[in-house]
Amino acid sequence: MVKNILILNMTRMGDLIQTTPTITGLRKKYRDSNITLMVTKDFEEFSKNISHVNNRVVIDIKQFRDRKNLNGFLWIELYRYLESLLDELKQNNYDLLINLSHSKLSAFMISYLGINSVRGFGCNTNGDRMTFDPWMQYFGTEPFNRRTNPFNLVEIFTRGAGVAPENNPIHLIPNLIDPKVLIQKFSNCIKEGDLVVGMQAGSSVEGRRWSPKSFAILADGLIESLDAKLILFGVDSEKELGEQIVHFSKYKDKLIDLTGRTNVDELTSLVKRCSYLITNDTGTMHIAAAVGTTVVGLFFAHAHPYETAPYSPGHVIFQARIECAPCSYGVECNNIVCVHKVQPDHLLLMIQRHHASGVWETTKTMSNMDEINIFNTYIGEDSRLRLRSLIKHPITLNDVIREVYAEHWLKSLGQEMDKSSTHCDIGKLLFREYDCSNTDKLCMQIDDKMVTLKSLKVIASTGIKLTNQIINLCSSGNLTKTIDAVKVLAEEIEKLDKRINQIGFVNPELKSITDMFVKRKENIQENEPTQLALDTKECYVKLLDECASLVSLLIPVSNKFKSSNINTFHAVVSSINVEVPGR
Amino acid sequence: LNLYKKNLALLKVTQPSLAKRVELEPLQKIVKVVKSKDGNPIPKIGSISLHSTYNPFKEASDSLLNFNFNSIDQPVIYGLGFGYHVLEILKRTRHKGILVIEPLMAIFQEFLCSVDIKSFVNNTKFIIATPPPKILASNPSVNWNVYEHIPSIRISDVYFKRMNLALKTSKVIKNNRIKVLIVNPYYGGSLPTANYCVHALNEMGHHAESVECEKFADGFFAINNSTRNKGNLESLSKQFSSFMGQLIAAKAADFKPDLILALAQAPLTPEAIKNLKLLNVPVAFWFVEDFRNLTYWKDIGACYDYFFTIQRGEFFEKLSSIGAENHYYLPQACLPSMHREISLTIEERNKYSTDVSFMGAGYFNRAQSFPRLLDYNFKIWGTEWNLDSILGSRIQNNNKRLKSDNIVKIYNAAKINLNLHSSSFHEGVNPVGDFVNPRTFEIAACGGFQLIDDRSELSDLMDPIKEIVTFSSIDDLCEKVDYYLNNSDEAKVIANCGKERVLKEHTIQHRMDEMLVYIFMDNLDQLMARFKTESRCPVDSSIDFAGPSTDLGKYLEQFRGSSNFSIKTMVDQIGNSTGDLSKEELLVLMTDQLVKTESNNG
C-alpha cells in the first residue's frame with residue numbers, strides 16, 4: 001500500500017492548477033497516504049491553495065540570486081543546498097514519486113532519491129533518460145506531435161499518475177477574501193449585479209499576447225453593449241500592457257487597472273467575481289477555470305487548446321486555423337501572424353450571444369472565420385473533457401487522426417476508468433463538428449495512411465521474427481557460433497528501427513505511433529541478450545498492435561465518409577469541372 | 001701530477017662526467033697551495049686561506065661542534081676547500097652520498113692534485129661549478145642539512161647566496177602551482193617538445209596550457225601559394241604573424257600565466273613579445289635548435305627575458321653580443337610517461353622489430369651514410385626520405401610521420417637504435433657536433449640500446465662508456481653494429497645504465513624544474529605577490545571552498561590540472577564516462593541544470 005507520495009511540480013502556476021485533478025485522484029486512491037508537493041519558491045504561496053497536500057517542499061533558488069559575492073563558487077553553494085535538501089527528503093522514504101516536470105533536473109533528482117516506484121520522466125543509475133509509465137512516455141512524445149494530440153495535459157498528468165481525470169475537476173481551496181471588500185479596496189464603481197469582465201492581457205511569453213489595442217476595442221464594445229465593468233489583471237511586469245489598454249480605450253475611467261496590484265489570493269477572489277475572463281493562455285485562465293468563471297481564451301503562437309485549454313466545460317477558445325498554428329515545440333516565431341486572425345469583433349459577438357442565451361455559438365454576422373478555430377469545452381460521451389469546433393470547417397486528415405488517436409491511446413496506454421466513462425462514435429462526432437460534404441481527397445488520404453500502417457505492421461512482424469531468432473540462438477548454448485549470428489540479426493533490427501523512424505517523419509500523422517515505439521525502446525535497460533531480445537520483441541508486438549488498432553479505428557470512419565460520398569460522387573462526375581482525358 | 005692522474009682515474013669510475021669536464025677544462029692557476037704547520041696542503045686564493053694553516057683537521061672538527069647531525073636530513077656541504085671538513089663529516093654521519101658543492105673548478109682541480117680522494121669518493125658526490133638550478137633539479141632538495149664552509153663562502157659569496165636563493169625559490173615553486181603558458185610552434189621538431197613541456201609541468205602539479213599555433217599551420221603555409229608577388233607575400237606573412245601575436249596575447253590575457261614559455265619556431269615577433277611583457281610576467285624562450293642552422297635568434301634573442309639553449313660556448317658569446325644576456329644552457333630531455341619500456345603485441349613486434357633501426361628525417365648525412373648498413377636487417381622510419389633511392393626498400397610507413405607512441409614502439413623493438421645527428425653538410429658524422437638531440441634521451445628512457453655519433457656535450461649528460469656507446473665515423477659505426485649485435489647482453493647492460501641515468505637526470509620534468517628555479521630566482525617576490533593577489537587555479541579554489549575533506553572536495557581532486565575548469569568540465573567528463581552515476585555526479589548534473597536555469601532567467 002502506498003503511504004508516502006512525493007509529487008514534483010517545479011513548473012508554473014498554470015501547471016500547478018492543472019495538477020490538482022491528479023492530486024485529488026491520488027487522494028481518493030490512497031486515502032491515508034501522506035502527499036508531499038515539491039514546488040519552486042515563486043509558487044510556494046499559491047501552492048497553499050491546492051487541496052489534499054499534507055506537506056510542501058520548496059526548492060528555493062531565488063535565495064542565491066543576490067549572492068554575487070560568491071564569484072565562481074555559487075555553484076558550490078547550489079550543490080550544497082541541493083545535497084542537504086535531497087538528503088533530508090531521502091529520509092522520508094517515499095514509496096511513490098510522481099514527476100510532473102519533464103526537466104533534466106527532476107530526472108536527476110529522482111535518480112538521487114532512489115525511490116522505487118516512479119511515474120514520469122526520470123533517468124536510470126547511469127543517467128540515461130527513462131520514462132516510467134506509458135502515459136508519461138506519451139507525454140514525452142507529445143511536444144513533437146502536437147497537432148495530432150487530443151489530450152489536455154490535465155488528462156495526461158492524471159492518467160500518468162494512475163488515476164482517472166473524470167470526476168476530478170481542477171480545483172482550488174476557496175480563499176476567505178470577500179470580493180466585495182476587495183472591489184471596494186480597488187474601486188467603488190462596481191455594484192452588485194454588474195456584469196464584471198476580467199482581462200488578462202499578459203502571458204509568460206510575449207508572442208502569445210493578443211494586442212492591447214484589441215483588448216481595448218473589445219473592452220469598449222463590452223462597455224457599450226453590455227455595460228460591463230472591466231478589470232485588468234496582470235503581474236507587476238505587465239503594468240505597461242494595462243496602461244496601453246487604458247490608453248487605447250474610449251472609456252478610460254471605466255477600466256479598473258489592477259495590473260501589478262493584486263496578490264494571488266486577491267486575484268483568485270476577483271476572478272471568481274467576474275462573469276467572464278478574457279485571457280491569453282495564462283495561469284489566471286486556469287484559476288478562472290478552477291473557480292468557475294467562464295473563460296474566453298486566446299491561444300496564439302505555441303499555445304495549443306488541445307493541450308492547455310481550461311479544464312472544465314463551458315469555456316470558449318479562439319485560435320488561428322493556419323498551417324503553422326500552433327508553433328512547433330522549441331521554435332521562436334519572428335512573424336506571429338496568428339494573433340491578427342482573431343479580431344475583437346469575433347469575441348464581442350460571441351460574448352454578447354452567450355450572455356444572452358448561455359450558449360456558445362457563432363452568429364451570421366461574424367466574418368473572416370476561415371482562418372480561425374472557435375472551440376467550446378464540453379464533456380463528451382466518453383466523459384472526457386473535449387473541444388467542440390463551433391465553426392464547421394471542411395474536415396482535414398488531421399482532425400480525423402486526432403479523434404482516432406483519442407480512442408486509440410486510451411486503449412493502448414491504459415486508463416483508470418471511471419464508471420461513467422464510455423466511448424464515443426468518432427464518425428458521428430466528426431460529421432457533427434466538421435463540414436464533411438467533400439471528403440474524396442480525405443478518403444484517399446486515410447486509405448494511404450492505412451497502407452502505411454500495414455507496411456509498419458509488416459516491419460513490426462519482421463522485428464518479432466528477428467527477436468525470436470535471437471532468443472532461440474541465445475538458448476541454443478553455442479556461444480561462439482551465436483555471437484556472430486546475433487550481431488547480424490541485431491544489425492537487421494537496427495535497420496528496421498531506422499525504417500520505422502523514417503516512416504514517422506514521412507507521415508507526421510503517424511509519428512505519434514513511431515515515436516512511442518522509439519520511447520519504449522529507449523526504456524530498455526537490459527544488457528543480457530535474451531532479455532534484451534524479449535524486451536525488444538515486446539516493443540514490436542506493441543507497435544503491431546497499435547498499427548492494427550489504428551487501422552481498425554480508421555476503417556469505419558473511412559467507410560462512413562465513403563458511403564456519404566456516393567451521392568455527391570455522381571454530382572461531381574457530371575460537373576463541367578471534371579478533368580476528362582483528351583479534353 | 002701522479003696524484004692528479006690517480007685521482008682522475010678514480011673519478012672516472014665514480015663520476016665520469018665530472019672527470020671528463022675536469023679533463024677538458026684547462027688548469028687555472030688561481031689557487032696557491034701552502035703547507036700547514038702539521039704538514040697538510042692548504043689552498044689559498046688571494047689572501048684567503050681555505051683551512052687553518054696550523055691544524056686543519058682540528059679546525060674542521062671544532063667547526064662541527066654546532067652542526068646538527070641527524071639521520072634523516074641529507075648533509076650538503078657548501079664549499080670543498082681541500083675537504084678536511086668533508087672528511088670530518090663523513091666520519092660522523094651515517095648518510096651515504098653526501099653532496100659537496102663547490103663553485104670553483106680551479107679549487108677542485110688543485111684538490112685533485114693535492115689530496116688523495118680515495119677516502120672521499122665512495123660516499124661523496126662532488127658538484128663542481130654547477131649552476132644552482134641544475135643542482136636542485138637533479139638532486140632532491142627537500143631535506144637538506146647544509147654545512148657552510150665559511151672560508152669557501154667568503155670566496156664564493158655571490159654563488160652561495162644564489163644557491164640559497166635557488167633553494168628558497170625551489171621550495172616556493174614546489175609548494176605552489178605555477179601557471180605556465182607554452183607557446184607552440186606551427187610545426188617541426190620543437191612541437192613535441194612543447195607538448196612534453198605541458199605534460200611535464202602538469203605532472204609536476206603546475207598548471208600549463210598551450211597556445212596551439214600548430215592549428216594555424218595550414219593557414220601559414222597557404223600564404224605561400226596565395227601570391228607570386230614577393231612584396232605582397234612578405235606583407236601577408238607579416239600580418240599573419242601579427243595576428244598570431246594577438247592570438248597569443250589574447251590567450252595569455254585569459255589564462256593569466258606566471259610565466260610564458262615559447263618554444264623554438266613559436267610565431268612571436270619582437271612586437272608580439274613586447275606586447276606579452278605588458279602582462280608583467282617573465283617571457284622565456286627555449287631555443288631547442290642548432291643556432292648555426294636557424295639564425296632568427298639574432299632578431300628575437302634580446303627581446304626575451306630569458307633565453308634557454310641546447311648549445312653554449314660560442315652561442316653564449318653571440319647571444320651576449322646581441323644583448324641577450326640572460327641565456328642559460330638547458331639540454332633536451334625525455335618524457336618518462338611517454339618514453340618508457342613497453343610490451344609489444346606479436347603484430348607490433350613483427351612490424352617494428354629489427355636488428356638496426358633509425359627513426360628520423362632523411363637529412364643529407366643520413367642519406368649518404370645509411371647505404372653502408374644495407375647488409376643488416378635495417379629499418380628506417382620517419383619523413384623526407386627518398387623512396388626511389390637505394391634506401392627506398394628500407395623506408396617504413398611510406399615516409400609518413402609517426403605518432404610519439406609508435407616511435408616509442410620502434411625504440412623498444414630494435415636491437416640497435418641508430419642516433420646520427422643531422423647535418424646538411426657532412427657525409428657522415430659531424431666532427432664538431434655539440435648539442436645532443438632529444439632522441440638520445442628518449443631511446444634511453446625506453447630502455448633501448450643506441451649507437452650515437454660523438455657530440456661534445458654528450459659526456460656531461462651520459463657516460464659514453466657505461467651508459468651509451470658512441471661512434472666517430474661510419475666505419476666505426478659498422479664495427480660497433482657488428483659487435484653489439486653479437487654481444488646483446490653487453491648492450492642490454494649499457495641500455496639499462498643509460499635508462500637509469502636519464503630517468504634520474506634528464507627528463508623534461510628535470511628541465512622544467514631547473515628552468516622555473518632559474519627564472520623565478522630573479523622574480524620570487526613578484527611571484528609570491530601574485531600568489532597572494534591573483535585568483536589561483538579554479539579547481540584549487542573550488543576544492544578549498546568546498547573543503548578538501550568533503551565528498552565534493554575529494555570528487556574535485558580528479559580535475560586538478562584541468563584547463564578552463566568550470567561546471568561544464570565536470571558535466572563533459574560525466575557525459576564521457578560510463579557506469580552508474582555517483583552521488584556527487586548526480587549533484588553536479590543537478591547543479592548544472594539550476595545554473596543554466598538561473599542564467600536563462602538573467
Side-chain angles (χ1 to χ4, degrees), chain A residues 8 10-12 38 40-42 59-87 89-90 101-115 121-130 204-205 237 332 525 527, chain B residues 254-256 533-557 559 562-602:
Chain A
L8 302 189
M10 296 173 293
T11 45
R12 305 183 64 81
M38 183 188 274
T40 57
K41 182 73 181 168
D42 285 333
I59 180 157
D60 180 11
I61 307 304
K62 277 174 91 175
Q63 61 178 307
F64 297 98
R65 285 184 190 157
D66 57 349
R67 311 274 298 266
K68 301 287 181 207
N69 58 333
L70 283 170
N71 245 333
F73 305 120
L74 181 62
W75 75 268
I76 296 179
E77 287 290 286
L78 283 169
Y79 177 104
R80 285 175 178 158
Y81 171 72
L82 280 173
E83 188 178 24
S84 100
L85 178 82
L86 296 177
D87 284 347
L89 274 184
K90 251 185 176 181
S101 314
H102 51 279
S103 65
K104 282 186 184 175
L105 174 65
S106 64
F108 294 136
M109 274 185 179
I110 289 168
S111 185
Y112 190 91
L113 292 170
I115 297 167
F121 182 53
C123 64
N124 65 10
T125 51
N126 289 336
D128 298 328
R129 182 172 60 191
M130 302 220 25
S204 57
V205 183
S237 58
E332 200 171 321
Q525 297 294 307
N527 284 326
Chain B
D254 280 352
F255 183 56
K256 296 188 175 65
T533 55
E534 283 197 7
S535 64
R536 306 307 303 158
C537 166
V539 185
D540 295 355
S541 314
S542 297
I543 291 172
D544 288 345
F545 193 86
S549 58
T550 61
D551 289 344
L552 177 59
K554 286 174 194 164
Y555 171 74
L556 288 170
E557 280 291 341
F559 298 100
S562 302
S563 56
N564 300 324
F565 173 80
S566 68
I567 295 188
K568 192 177 178 298
T569 317
M570 295 184 282
V571 172
D572 288 348
Q573 198 261 8
I574 295 168
N576 291 330
S577 59
T578 54
D580 289 358
L581 294 169
S582 67
K583 174 192 160 189
E584 291 74 28
E585 287 174 326
L586 270 170
L587 283 164
V588 165
L589 291 171
M590 284 186 261
T591 307
D592 175 54
Q593 291 299 315
L594 282 183
V595 170
K596 279 181 184 159
T597 310
E598 279 304 283
S599 53
N600 287 342
N601 290 340

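First the proteins, then the strands, lettered A, B, ... as listed; each starts at 1.
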Would you compute the distance between atom [atom1] of [X] and atom [atom2] of [Y] and round it to the nearest 0.5 angstrom?
{"X": "Ser103(A)", "Y": "Lys596(B)", "atom1": "OG", "atom2": "NZ", "result": "12.0 Å"}
{"X": "Leu581(B)", "Y": "Cys123(A)", "atom1": "CG", "atom2": "SG", "result": "6.5 Å"}
{"X": "Ile61(A)", "Y": "Leu594(B)", "atom1": "CD1", "atom2": "CG", "result": "4.0 Å"}

- For Trp75(A) and Ser542(B), run side chain to side chain contact (heavy atoms under 4.5 Å, CB included): C-alpha distance rounded to whole Å, both residues' side-chain angles, the deciding distance at 0.1 Å, then the answer. CA-CA 10 Å; Trp75(A) 75 268; Ser542(B) 297; 4.2 Å; yes
- Most contacts with chain A, counted as non-hydrogen pairs under 4.5 angstrom, among Thr591(B), Asp551(B), Leu556(B), Asp592(B): Thr591(B)
- Task: Name the option with the most non-hydrogen atom pairs under 4.5 Å to chain A; the candidates are Ile574(B), Thr550(B), Asp580(B).
- Result: Asp580(B)
- Item | Contact origin within Ile567(B) toward chain A - heavy atom pairs under 4.5 Å | side chain
- Item | Atom group of Glu584(B) that falls short of 4.5 Å from chain A, counting heavy atoms | both
Does the side chain of [X] reach to within under 4.5 Å of the side chain of [Y], using non-hydrogen atoms?
{"X": "Asp87(A)", "Y": "Lys583(B)", "value": "yes"}
{"X": "Glu83(A)", "Y": "Leu552(B)", "value": "no"}
{"X": "Asn126(A)", "Y": "Thr578(B)", "value": "no"}

- Lys90(A), NZ atom: more than 12 neighbouring heavy atoms under 6.0 Å: yes
- Message: Can you tell me if Arg12(A) has over 12 outside heavy atoms packed within less than 6.0 Å of its CZ?
- Response: no
- Result of checking Leu587(B), Leu586(B), Val588(B) against Leu82(A) for side-chain contact (heavy atoms from CB on, under 4.5 Å): Leu587(B)
- Message: Under the rule for ring pair (Phe, Tyr, Trp, His ring centres under 6.0 Å), what residues qualify as partners of Tyr81(A), not counting sequence neighbours?
- Response: Phe64(A)
- Checking side chain to side chain contact (heavy atoms under 4.5 Å, CB included) for the pair Met590(B)/Leu86(A): CA distance, chi angles, key distance, verdict? CA-CA 11 Å; Met590(B) 284 186 261; Leu86(A) 296 177; 3.4 Å; yes
